[in-house]
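The structure displayed is predicted, hence computed values, not measured ones.
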Amino acid sequence: MSMLNVGRPTRPDTAGESTGHASLSGGRALLQDEGLLFEVGGWEKTGVDLDETPGFDESDLGGLVRDDLRLPGLSEPEAVRHYVRLSQKNHAIDLALYPLGSCTMKHNPRLNEKMARLPGFADLHPLQPTSTTQGALELMDRLAHWLKTLTGMPAVALTPKAGAHGELCGLLAIKAAHEAAGQGHRRRVLVPTSAHGTNPATAAFVGYSVTEIAQTDDGRVDLSDLAAKLSDDVAAIMVTNPNTCGLFERDILEISRLTHEAGAYFYCDGANFNAIVGRVRPGDLGVDAMHINLHKTFSTPHGGGGPGAGPVVLSQALAAFAPAPWVVHDGEGLRLEEETAGEAAQAFGRMSAFHGQMGMFVRAYAYMRSHGADGLRQVAEDAVLNANYLKARLSVAMSPAFPEGPCMHEALFDDSWLEGTGITTLDFAKAMIDEGFHPMTMYFPLVVHGAMLIEPTETESKQELDRFVHALLGLAEAAKAGDVERFKGAPFLAPLRRLDETQAARKPKLTWRPEPTGVAPAPLAAE
Ligand SMILES: *Cc1c(COP(=O)(O)O)cnc(C)c1O
């Protein structure tokens, strides 16, 4: 692998270390080598052919002329190939199983995409007069209705743009409610040890301090530890249900009772709602605020940082504090309540400049309507069935973290089955890449040693799950037989070999500069 002296390695392993076959071109079978846009494009050329603009000899900018922008020029075929080649280096749910636990990488139905591209939705401008956006407002209103119905909660804030943003919205509503009740001294948030990292991060962002709640041996919130830590300075608890170990919190009613008794609010991290949608209404469990990742439960595409949508449902106690805007019906149809005055005087403010991620609203609503109420219930049932199938079949070789009883939508394994092999969870995950499977979530939740968290979702067939099981059991056998090299050197067949992920996370190089020597591009010639 050649390492550019600036930036990250961009070249595949062409030395043939892995297979004994080096290619002359840097390509790998029909997968082409591809550099950065700046390396592929030419400085002296452009992909467009524009007429000279008549009468533009003199700049009106008082001599402020920008030159030497150093933007690479590519012809159309070069630009198209660049991005298609890059896309082939990336894994995608459209290519194969994407078993990242907690992330819910399910198929994104094409119907949703078609609906989101309807010009009446896709071409809207957020500042358009509402008389011209009645259909879009109606869709938001109906989506809100479905979310409230599915969760059994009276209010929903649609604007948060991700799960973490929803957590922020929920905690801000809780903070506003405490302050309105003269309870502003409550500054502590209780979070179980297995929580997603965004939970404590959100609490800290709001200015709260975080206290951890211990976990029982069977992967649930430790009720006695919770009871011991609840006091009159606690603002809220943040509990995920089903939790990040893929288990239903058996004592959820008791958790909410104890929390309310102590004067605190129950924030539920609803990222795993896909496991219970249509079967359990969080409002019935005593939840006060919960975000719903539309991009997980309701199939809108995600990965690579977005876009997502994280609407937050709120209980009666918090509804008045919901952020603006929301859709209201009045004599002239639908409009957005934007002012935090009058009836909306207690709204804590707003979460975003406009109304949220319209494209995601359309996709999620299309998903809900195409499944119907019975279909959504089946989504949860099939997601849980698929995870239990994997748990049962993989348990012959791998060690489930919580062997007792069934799991919900995720099968969680620890690394005790690798003991003595010299192979780690990371090595095993890298070997999966050579088998054509994206690794599962690794080393999360933190409470399980060497965790491997597998979430198949409901959109995988039994045939695909069997292919996955076959590969994993084969790898497990190789690991136990002492074939260490297969794992330590993996991935052998990917365009890039094993990267220094610590270096990449700690010292990311986010800008590109021409190499100091060699192929430095010539500055654009002044016309
Ligand atoms: C995905 C996830 C989040 C964060 O959601 P984003 O949309 O990525 O911000 C929070 N908690 C849990 C349990 C999750 O799985």
Side-chain angles (χ1 to χ4, degrees), residues 102-106 108 112 139-174 195-196 198-199 202 238-244 249 252 266-302 306-315 318-319 322-323 326-327 351-352 355-369 371 373 375-377 379-380 383 408-409 455 457-458:
S102 219
C103 297
T104 315
M105 308 303 285
K106 60 169 79 170
N108 314 125
N112 302 357
L139 184 135
M140 288 168 64
D141 196 44
R142 289 186 182 203
L143 174 69
H145 174 74
W146 274 70
L147 292 173
K148 289 185 285 188
T149 305
L150 288 168
T151 56
M153 308 276 277
V156 61
L158 291 179
T159 47
K161 297 196 175 160
H165 205 209
E167 291 171 30
L168 181 61
C169 175
L171 287 200
L172 288 175
I174 287 171
H196 194 268
T198 50
N199 294 183
T202 301
M238 296 180 89
V239 169
T240 311
N241 190 41
N243 67 24
T244 59
E249 288 291 351
I252 190 96
F266 181 2
Y267 186 91
C268 181
D269 180 329
N272 295 336
F273 190 49
N274 61 308
I276 57 172
V277 60
R279 295 206 52 120
V280 179
R281 299 190 311 166
D284 298 339
L285 305 178
V287 168
D288 292 299
M290 182 181 94
H291 71 263
I292 300 163
N293 307 57
L294 297 187
H295 46 289
K296 292 178 179 170
T297 299
F298 299 108
S299 83
T300 72
H302 63 295
V312 176
V313 286
L314 298 167
S315 65
L318 296 178
W326 56 83
V327 177
M351 292 300 291
S352 66
H355 52 259
Q357 301 279 32
M358 191 66 204
M360 297 302 125
F361 297 163
V362 179
R363 288 174 175 87
Y365 185 63
Y367 181 83
M368 291 170 172
R369 292 306 302 266
H371 281 74
L376 289 178
R377 167 188 271 256
V379 159
M408 294 296 289
H409 60 305
E455 179 173 9
T457 83
E458 78 284 1

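Within the 4.5 Å cutoff, the side chain of H302 has no heavy atoms near those of the N293 side chain. For the pair L314 and V156, the minimum side-chain heavy-atom distance is 4.5 Å or more. In this structure the side chain of P282 never reaches within 4.5 angstrom of the side chain of C268, judged on heavy atoms. Contact annotation: the side chain of L143 never approaches that of H145 to less than 4.5 Å [non-hydrogen atoms, C-beta and beyond]. Residues R377 and V277 have side chains not in contact (no heavy-atom distance under 4.5 Å, counting atoms from C-beta outward). Using a 4.5 Å heavy-atom cutoff, the side chains of L172 and M351 are in contact. Two residues are said to be in side-chain contact when any heavy atoms from C-beta on lie closer than 4.5 Å; F298 and V379 fail this criterion. Looking at heavy atoms from C-beta onward, H355 lies in side-chain contact with M140 at the 4.5 angstrom threshold.
Scanning for salt bridge (Lys or Arg N to Asp or Glu O under 4.0 Å) contacts around R369 gives an empty result, with sequence neighbours left out. Under the side chain to side chain donor-acceptor pair (under 3.5 Å) criterion, N241 pairs with no residue, sequence neighbours left out. Qualifying salt bridge (Lys or Arg N to Asp or Glu O under 4.0 Å) partners for E458, counting only residues two or more places apart in sequence or in other chains: K106. In this view, T297 satisfies the side chain to side chain donor-acceptor pair (under 3.5 Å) rule with no residue, not counting sequence neighbours. By the salt bridge (Lys or Arg N to Asp or Glu O under 4.0 Å) test, K296 pairs with no residue at all, sequence neighbours left out. With sequence neighbours excluded, the residues forming a side-chain contact (heavy atoms from CB on, under 4.5 Å) with A309 are L294, P311, Q357, M360, F361, listed by chain and number. S102 pairs by the side chain to side chain donor-acceptor pair (under 3.5 Å) definition with nothing, not counting sequence neighbours. Scored by the side-chain contact (heavy atoms from CB on, under 4.5 Å) test, S352 finds T159, K161 as partners (sequence neighbours excluded). Under the salt bridge (Lys or Arg N to Asp or Glu O under 4.0 Å) criterion, D141 pairs with no residue, sequence neighbours left out. A search for side chain to side chain donor-acceptor pair (under 3.5 Å) contacts involving T202 returns E167, not counting sequence neighbours.
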>> Run the side-chain contact (heavy atoms from CB on, under 4.5 Å) test on V287 and T151 for me, step by step, so that the C-alpha distance in whole Å, both residues' side-chain angles and the decisive distance to 0.1 Å come before the verdict.
In response: CA-CA 9 Å; V287 168; T151 56; over 6 Å; no
>> side-chain contact (heavy atoms from CB on, under 4.5 Å), that's the test. Do I174 and L318 meet it? Break it down for me.
In response: CA-CA 7 Å; I174 287 171; L318 296 178; 3.7 Å; yes
> Could you walk me through whether V313 and I292 pass the side-chain contact (heavy atoms from CB on, under 4.5 Å) check?
Replying inline: CA-CA 8 Å; V313 286; I292 300 163; 4.1 Å; yes
> Taking it one step at a time, do H291 and Y267 satisfy side-chain contact (heavy atoms from CB on, under 4.5 Å)?
Replying inline: CA-CA 9 Å; H291 71 263; Y267 186 91; 2.7 Å; yes
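Shortest non-hydrogen contact noted between P242 and M408 is CB-CG, 3.9 Å. Between S299 and Y367, the closest heavy-atom pair is OG-CD1, 3.0 Å. Nearest heavy-atom pair, G170 versus A289, reported as atom, atom and distance to 0.1 Å: CA-CB, 4.3 Å. Summarising the geometry of A319 relative to A155, their closest heavy-atom pair is CB-CB, 3.7 Å, with the distance given to 0.1 Å.
Counting only residues at least two apart or on different chains, the salt bridge (Lys or Arg N to Asp or Glu O under 4.0 Å) pairs with a member in residues 356-367 are E113-R363. For residues 275-286, the set of pairs meeting the salt bridge (Lys or Arg N to Asp or Glu O under 4.0 Å) definition, not counting sequence neighbours, comprises R279-E381, R281-D284.
Here H409 contributes atom NE2 and N274 contributes atom CG; the two are 5.0 Å apart, rounded to the nearest 0.5 Å. Atom CZ of F266 sits about 8.5 Å away from atom CG of D288, to the nearest 0.5 Å. In this structure, the separation between CE on M368 and CG on L376 is 7.0 Å, given to the nearest 0.5 Å. Taking CZ of R142 as the start and CG of L147 as the end, the distance is 14.0 Å to the nearest 0.5 Å.
For the side chain to side chain contact (heavy atoms under 4.5 Å, CB included) with D269, the qualifying choice from T244, V239, T240 is T240, the only one to do so.
Between the side chains of N112 and T300, no donor-acceptor pair is found at a separation under 3.5 Å.
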